[in-house]
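Below, read A as the first sequence line, B as the second, and so on, with proteins coming before strands; counting in each chain starts at 1. Keep in mind it's a predicted model, so treat the numbers as computed, not measured.
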Number of protein chains: 2
Amino acid sequence: MTCIVNHVSSATARNSARTSASACGLRERKKRRTRDSLVTAALELFRAKGYEHTTVREITDAVEVSERTFFRYFANKEDLVMSFVVAAAEAFTVELRRRPASERPVDALRNAMRAAALTLAPEDIEREQMAYALAMHLIEATPALLAAQLMVGQNLTEQLIAIMAEREGVDPVTDPRPTIIATVFCGLMGAAGQVWRGDGDLAARTTLADRYLAELVPTFTEPWQ
Amino acid sequence: MTCIVNHVSSATARNSARTSASACGLRERKKRRTRDSLVTAALELFRAKGYEHTTVREITDAVEVSERTFFRYFANKEDLVMSFVVAAAEAFTVELRRRPASERPVDALRNAMRAAALTLAPEDIEREQMAYALAMHLIEATPALLAAQLMVGQNLTEQLIAIMAEREGVDPVTDPRPTIIATVFCGLMGAAGQVWRGDGDLAARTTLADRYLAELVPTFTEPWQ
DNA sequence: GAGATTCTGTCACCCAATGACAGATGACCA
DNA sequence: TGGTCATCTGTCATTGGGTGACAGAATCTC
């Protein structure tokens with residue numbers, strides 16, 4: 001029986017080392033182990049020396065694998081840090097698809113955001129949460145990582161357009177509303193994330209994003225006095 | 001008397017070869033000439049072979065300068081294409097600062113967008129416009145360029161936050177409205193640009209962005225039926 | 001035309017990333 | 001248990017983007 005878990009390429013499953021279905025063969029376990037080692041070693045080096053001043057070689061030396069192996073696990077250096085962002089984005093889309101059709105579009109998005117924030121938190125409390133916060137700080141300090149994160153946001157926006165269009169039964173090509181709501185929501189989430197940047201608790205970010213959403217309409221309709 | 005024009009590093013002035021103030025010294029004229037040659041040769045090669053399949057070496061060979069010189073004119077390969085996007089962004093902020101204080105925030109942004117679109121068009125009709133359209137197509141087809149463009153958008157957003165905050169006399173740190181309006185506006189402009197992507201006339205893009213802005217509030221307040 | 005600036009080419013070098021190939025290591029079945 | 005197949009890994013060679021340092025050429029200023 002072949003292990004399927006990794007074939008679906010879920011960043012969520014890949015990043016959290018302890019998934020019940022993870023131990024289904026020596027080969028798969030080894031792969032996960034070296035991947036985790038690479039991530040751990042890389043984050044530690046990035047934290048100590050900075051992202052740009054850390055070479056792939058240094059990371060692979062710390063784990064005792066070849067450079068070539070690194071690029072078999074990660075498309076490029078940025079991809080390692082991005083895996084955390086991608087995992088968060090995936091958690092979000094998963095939650096969004098679960099929202100009942102009765103909810104208004106905005107509420108579905110807001111509630112999915114809240115639910116996803118809780119998904120990331122459970123039990124991994126120490127290790128995973130610290131890693132995520134570090135990733136955010138690295139992104140903040142590194143232009144190349146910021147650009148990569150914006151690309152993830154771009155992909156997420158396109159997914160949201162599709163999901164919202166299907167959810168509400170409209171054509172995303174002729175109807176501008178899926179594009180509008182996806183773009184605005186991703187943009188505001190990004191803005192909230194930029195202000196937040198890993199400091200304090202995860203809830204603070206969603207709270208800020210909520211505030212942005214609440215003040216969105218007045219900002220455009222009311223005079224600013 | 002020293003030429004100042006290029007020291008302010010205005011991408012708008014840099015990109016359009018024919019500015020009245022441009023001819024103020026042999027050295028400056030030569031620099032502009034090689035820069036223009038590099039852009040022209042690069043765009044032609046990109047068009048023919050694609051961005052990623054064109055090496056910097058090929059560009060510099062076509063202009064008969066050294067590779068090193070290329071990187072003295074452009075921070076990196078992407079920067080050459082981005083100069084067009086940056087020029088457009090600068091034209092936009094210039095127009096925005098010119099808008100009267102009496103206009104509502106949204107209207108100032110919308111009118112600045114319209115004005116900037118006209119700024120880009122005049123007289124250069126053939127050469128400059130074709131180049132801009134080509135740059136857009138390259139961005140669309142090349143992930144690395146898309147990422148770079150998103151970074152430009154990010155910078156623009158931050159400028160807009162500052163400009164709008166100053167304009168309306170609010171504190172951008174405590175008041176979320178500058179952040180909201182800048183983020184949403186840039187996001188929707190980007191979305192419009194993505195649908196448009198250099199095909200047809202420039203006006204079509206601003207028209208689409210206008211439509212997004214018009215439907216923004218209803219999208220969030222009204223049910224989608 | 002002398003001297004200070006600035007631009008350019010050359011050279012050496014670092015690092016990220018990829019293709020190709022061979023050997024090691026699990027997976028699976030008889 | 002052993003053999004076969006699939007997959008993972010290391011090694012090697014190579015490409016291409018990007019940078020620092022230095023010397024020489026061109027331009028500017030007086």
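Remark: C1' of dA16(C) and CG of Asp79(A) are 14 Å apart, rounded to the nearest angstrom. Per the geometry, CG belonging to Leu80(A) stands 14 Å off C1' belonging to dA16(C), to the nearest Å. When rounded to the nearest whole Å, the span between CZ of Arg33(A) and P of dT25(C) equals 14 Å. Here the P atom of nucleotide dT9(D) and the CZ atom of Arg32(A) are 14 Å apart, to the nearest Å. Going from atom CZ of Arg57(B) over to atom P of dG17(D) covers 11 Å, rounded to whole Å. Glu28(A) places its CD atom 13 Å from the P atom of dG26(C), with the value rounded to the nearest Å. Between the CZ atom of Phe74(B) and the P atom of dG18(D) there is a distance of 12 Å, rounded to whole Å. For the pair Ile59(B) CD1 and dG18(D) P, the interatomic distance rounds to 10 Å; values are reported in whole Å.
Side chains of Thr69(A) and Ser66(A): a donor on one and an acceptor on the other come within 3.5 Å. With hydrogens and angles left out, the side-chain atoms of Thr206(B) and Arg110(B) include no donor and acceptor closer than 3.5 Å. With no hydrogens or angles considered, a side-chain donor-acceptor pair links Arg127(B) and Thr40(B) at under 3.5 Å. Inspection of the Tyr212(A) and Thr179(B) side chains reveals no N or O donor paired with an N or O acceptor under 3.5 Å. A donor-acceptor contact under 3.5 angstrom links the side chains of Gln154(B) and Gln194(A), judged on distance only.
Taking all atoms of both residues into account, the shortest heavy-atom contact from Leu38(A) to Val65(A) is CD2-CG2, 4.1 Å.
When each of Val56(B) and Thr34(A) is assigned the nucleotide of DNA chain D with its nearest heavy atom, Thr34(A) is the one assigned upstream, toward the 5' end.
Looking only at distances, a side-chain donor or acceptor of Glu58(B) sits under 3.5 Å from a matching main-chain atom of Thr55(B). Between the side chain of Thr142(B) and the backbone N or O of Ile139(B), no donor-acceptor pair lies under 3.5 Å.
Side-chain N/O atoms of Lys30(B) include one lying less than 4.0 angstrom from OP1 or OP2 on dT27(D). Distances shorter than 4.0 Å separate some side-chain N or O of Lys31(B) from OP1 or OP2 on dC7(C). Note on Tyr73(B): a side-chain N or O is less than 4.0 Å away from OP1 or OP2 of dT8(C).
Within residues 45-55 of chain A, the residues that place at least one heavy atom under 4.0 Å from DNA chain C are, in residue-number order, Thr54(A), Thr55(A). Contacts between residues 60-72 of chain A and DNA chain C, defined by a heavy-atom separation below 4.0 Å, involve Arg68(A), Phe71(A), Arg72(A), listed by number.
Relative orientation of the Trp196(B) and Tyr132(B) rings is tilted, given thresholds of 30° and 60° on the angle between their planes.
When the nucleotides dA17(C), dA26(D), dT8(C) are ranked by their closest atom to the side chain of Arg27(B), dA26(D) comes out on top.
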